[in-house]
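Take a look at the structure set out below.
Naming: A, B, ... by sequence-line order, numbering from 1 per chain.
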Amino acid sequence: MNYPVWYLPAIGGGTLIALIAIGHVFISHFAVGGGLFLVLSEHLARKRNDANLLFFTKRFARLFVLLTLVYGSLTGVGIWFVISLVQPGGTSLLIHQFVFAWAAEWVFFLTEIVAISVYLYSFDRMAPSTHQMVGWVYFGASWCSLFIINGIISFMLTSGNWASTGSFWSAFFNPSFWPSLIFRTLMAVIITGLFTLLFSSLNKDLKLRRQLVRTCCSIVFPALLAAMPTAWWYLQSLPQSARALVQAGSPTVVRALHGGAFGVILIASALVFSLCFPFRYQRSLAVLALASGLLLMGSFEWTREAARRPFVLQQAMFCNGVTPDQVPQLKEQGFLAKARWSQVHQVASDPATAGRELFKFQCYSCHTLDGPNNDLLQRTRSLNQNALAGYIGSLHQVRYFMPPFAGTDDERQALAAFLTDGLFPTFKKSSKAPEEVPSDQLLFEQNCTLCHTAERVGTRTADWSKPRIRNALDQLNQLHPAMPDYKGTPGEKDRLADYIYQLNRSTLKQPKPGAAQ
Amino acid sequence: MNPLIPLPDPIPVSWGYLFALLLMVFPLHLLFMNCLLGTTAVTLYLQRRSDAVAVQLATELSRALPLIMAFVVNSGVASLLFLQVLYGQFFYTSSILMGSYWLAVIPLLILAYYVLYWVDFRYRRLGKKRWLMLAGVMVLLLVVPFLFSNNMTLMLHPQNWDAYFGRDNGTLLNLADLSLWPRYAHFVVAALAVGGLFTATLGRCYRSRAPELAAYAQNLGMTLFSRLTLLQLLIGPLFLFSLPQPLRWKILGGSPLAALLLCTSLVLLAALLVNAFQQRVLTSLALLVPLVCCMVALRAWLRSAFLQPHFTLEQLQVAPQYSPLLVFMVVLVLGSVMISWLLYQATIARRPQT
């Protein structure tokens, strides 16, 4: 609310961040592990006097520079650019809090550039021991970069006691710092192994290829094994709320975790196959393994980002830029009155614009309108305004990972009106005006319809008795870990059970086309 | 105060430290950026020459381009960091207002960087396609500073920010600002000139190995450098007269600091021009660095003068924590030692070849 919003509702800022970040994270971890591989590989080649391995190392260095120095470093700057456009408040806080950490990282970045350039351009012109020392300098600087960035990223997830002390050091060495650092170092090793597999598959020397496949397996398998307990340690370091989100959280986290597990299985299978049949489908397997590595890394980053919700900086700032201590005041005095970049500052002056502005400043940081990422249109299409307004009022209680709505009741209604009738002016939602909607139906729409259509609920409970529905309402979380428990009174639960039971009957009597979808 | 200006975050040390760091790193970025743009232009020009010495010079220059690009990016990161800490509330806002263009800087730079490496690694094999590729890079490298000039001027004009209410999709530019064009022209012409000086400096490295190449590079480079720097005598006043009158008068004497910086810059410029026309490469280089530093200081003064009605750096709240600054200084010293060692090793590694 301090800054304007770069508003592209059909794309979404989160989509842009993801597009840049996914590639960067993958390559930047390779930039760390690859440095270690270069020096070890060169050391081995010179020790064994193996000209082929030395030539491979030199070619590896060239590809390494092209990937890390160009794509890696510029997408790193790109992440900085895009987060300052999408999350300016959070970025500003990180920049101001950690300015000298960023500055130190800049020194390491400069050292990396000089070291890897000297390494590449003086491959055959330098004494071997000096050349390897240059490689070690590169690796040391790149790992120190990881060390610093890790401190800042892990702070976003676990801010520890920073909120009370304000100390740089407690923010930097936060509770998840060490598990995250070790986990990322292991990921760097795994990704480097996968790139080595790919580069080796392009090599025509069969003996060297077999040797490299063995090397890949000997570094990736131990790293994969070590990553598992580290991931568990990492999980334990999270605050209870974040841990709950990961363990039984939203369907997207569950999907991401499944994706990560699938990635690990694919990597292991591709490596085992490469080991057993080193000359068959090498390139395809290497590409598959690399893609699986990307899947694994993407799943990890997605889960980490999701675990941070509803905050962009744990306990300090919600993902829409509102801070927790601002919420009570905004609820009382109104969000629009305080939002310096809103077009209108009162709902009454222009309710339609007010609704749009409230969406832009409070929802758009995570949701798109008809976009690829977290689309709100498909969720609000069938809702009526009052039901949605009721749901918005209890967002944070029902769904912990969503920030609370920070605004007055009028603003809540204006937002609900924008998301329902404002976006679907011609859509026939209900033949009845909002105020005429029966209270049981309103109860159902406020609590169920944002995730499930009425038809879906009807079909799912088609053969359920009324006591069974009522019983299920007491333990929704056990039906599905991502479903929050319903916190209504026993009376409300009775009414809701009645409504669902009746809905079920009416759905069976009047089946609609496509109802089972 | 303009109600649209966001509230700044507190800084961990007194603003003077951060300001000094900004003044230290930004001249580096300008020099590298100028080298990149100018040297690309010289390499592009040499593609039209078929004499052996020109071909050889173009090959050597094209090898340097990707390396220069790496340093442009690196020094740019540091400059943006300290700018954001001091003027974040203005910079983030103007970046958002032109967000669609601003983010385009990244893919444009990635493309330019890859093409430069392509030209370097496959110089001979590319043949005539080199011209086309370098021309493409040149266009990209002209667009990027234009976007930067837009952002750096848009952040100085909060009174123009309300255009956001008519267009919030990040497609605003600062084209209506009269000072944008001479400012951009000043940067581009300076870049082309410095490209000439870099060519001459690189040529000097070949004095003993390839005297003909060295002489050609020095002649071409210093001619470019001297004539284009002379052109700044026309662009500079244009820039000055495009500024609002109160600021112009301050620079011309109203503010002793600004006037002193302008006078020092003019004296250095005069000395530089004399040496440039006499083709003294190292003296010109030695004069260029303090000149750029003076200009950067004047530019920083101008920025604070533009923003003065809205904000001064003294208003930044300080939440003091000096230990991270100390750690940074230690890292900077160690890093400098390490980089010096690396460069020394690279220099002596070349010797057996020569």
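Aromatic ring centroids of Tyr138(A) and Phe64(A) lie under 6.0 Å apart. Between Trp143(A) and Phe147(A), the ring center distance clears the sub-6.0 Å criterion. Annotation: Phe155(A) is not in aromatic contact with Phe177(A) [ring centroid separation under 6.0 Å not met].
Using a 4.5 Å cut-off between heavy atoms, Trp341(B) contacts chain A through its side chain alone, with no backbone atom that close. Looking at Val137(A), the atoms closer than 4.5 Å to chain B (heavy atoms on both sides) all sit in the side chain, from C-beta outward. Only the side chain of Leu67(B) has a heavy atom closer than 4.5 Å to any heavy atom of chain A. Heavy atoms of Leu116(B) lying under 4.5 Å from chain A are absent altogether. At a 4.5 Å heavy-atom cutoff, Val330(B) makes no contact with chain A through either its backbone or its side chain. Looking at Pro324(B), both its backbone and its side chain come within 4.5 Å of chain A, counting heavy atoms on both sides. Residue contact with chain B, scored on non-hydrogen atoms closer than 4.5 Å, is absent for Phe172(A). For Val118(A), the part sitting under 4.5 Å from any heavy atom of chain B is the side chain, from C-beta outward, and nothing else. Both the backbone and the side chain of Leu66(A) have a heavy atom closer than 4.5 Å to some heavy atom of chain B. Neither the backbone nor the side chain of Pro8(B) comes within contact range of chain A; no heavy atom of the residue lies under 4.5 Å from a heavy atom of that chain. With a threshold of 4.5 angstrom between heavy atoms, Ser100(B) approaches chain A through its backbone and through its side chain. Only the side chain of Tyr117(B) comes within contact range of chain A, with heavy atoms under 4.5 Å apart.
Ring geometry, Phe359(A) versus Tyr7(A): the interplanar angle exceeds 60°, so the pair is classed perpendicular (tilted spans 30 to 60°). Using cut-offs of 30° and 60° for the angle between ring planes, the Phe139(A) and Trp136(A) rings count as perpendicular. Ring pair Trp102(B)/Phe91(B) is perpendicular by interplanar angle, where above 60° counts as perpendicular and below 30° as parallel.
Annotation: residues 14-23 of chain B contacts chain A through Leu18(B), Leu21(B) [non-hydrogen atoms, separation under 4.5 Å]. Heavy-atom neighbours of chain A within the stretch residues 78-88 of chain B, taken at a separation under 4.5 angstrom, comprise Ala78(B), Leu80(B), Leu81(B), Phe82(B), Gln84(B), Val85(B), Gly88(B).
Contact count against chain B (heavy-atom pairs under 4.5 Å) is highest for Ser84(A) among Ser84(A), Pro9(A), Ser122(A), Cys144(A). With chain B as the partner, the residue from Leu16(A), Leu8(A), Val99(A), Leu93(A) showing the most heavy-atom pairs under 4.5 Å is Val99(A). Of the residues considered (Val86(A), Val65(A), Ile113(A)), Ile113(A) shows the highest number of contacts with chain B, using heavy-atom pairs under 4.5 Å. Of all the listed residues (Val5(A), Thr91(A), Val77(A)), the one sharing the greatest number of non-hydrogen pairs under 4.5 Å with chain B is Val5(A). With respect to chain A, the highest number of heavy-atom pairs below 4.5 Å among Asp9(B), Asn74(B), Val77(B) belongs to Asn74(B). Interface remark: of the candidates Val114(A), Leu110(A), Val70(A), Val70(A) forms the most heavy-atom pairs closer than 4.5 Å to chain B. Highest contact tally toward chain A, considering only Leu332(B), Leu103(B), Val25(B), Val13(B), is held by Leu103(B) [criterion: heavy-atom pairs under 4.5 Å]. When Thr75(A), Leu74(A), Val107(A) are compared by the number of non-hydrogen pairs under 4.5 Å with chain B, Leu74(A) comes out ahead.
If you take OG1 on Thr111(A) and CH2 on Trp106(A), they are separated by 9.5 Å, rounding to the nearest 0.5 Å.
The side-chain tip of Arg59(A) does not point at the ring of Phe199(A) from less than 6.0 angstrom away and within 45° of straight on.
Side-chain contact between Leu126(B) and Val119(B) is present, with heavy atoms from C-beta onward closer than 4.5 Å.
Taking 4.0 Å as the cut-off between side-chain N and carboxylate O, Asp168(B) and Arg356(A) count as a salt-bridged pair.
With Ser75(B) contributing its side chain and Val72(B) its backbone, the two residues share a donor-acceptor pair below 3.5 Å. With Ser73(A) contributing its side chain and Leu69(A) its backbone, the two residues share a donor-acceptor pair below 3.5 Å. Side-chain N or O atoms of Gln89(B) include none that pairs as donor or acceptor with a backbone N or O of Leu7(B) at under 3.5 Å.
Other residues, nucleotides and ligands contribute at most 12 non-hydrogen atoms within 6.0 Å of the CZ atom of Phe55(A). Counting non-hydrogen atoms of neighbouring residues, nucleotides and ligands closer than 6.0 angstrom, the CE atom of Met133(A) reaches no more than 12 such neighbours.
Each of Trp341(A), Trp6(A), Tyr3(A) was checked for a ring pair (Phe, Tyr, Trp, His ring centres under 6.0 Å) with Tyr164(B), and the lone residue meeting it is Trp341(A).
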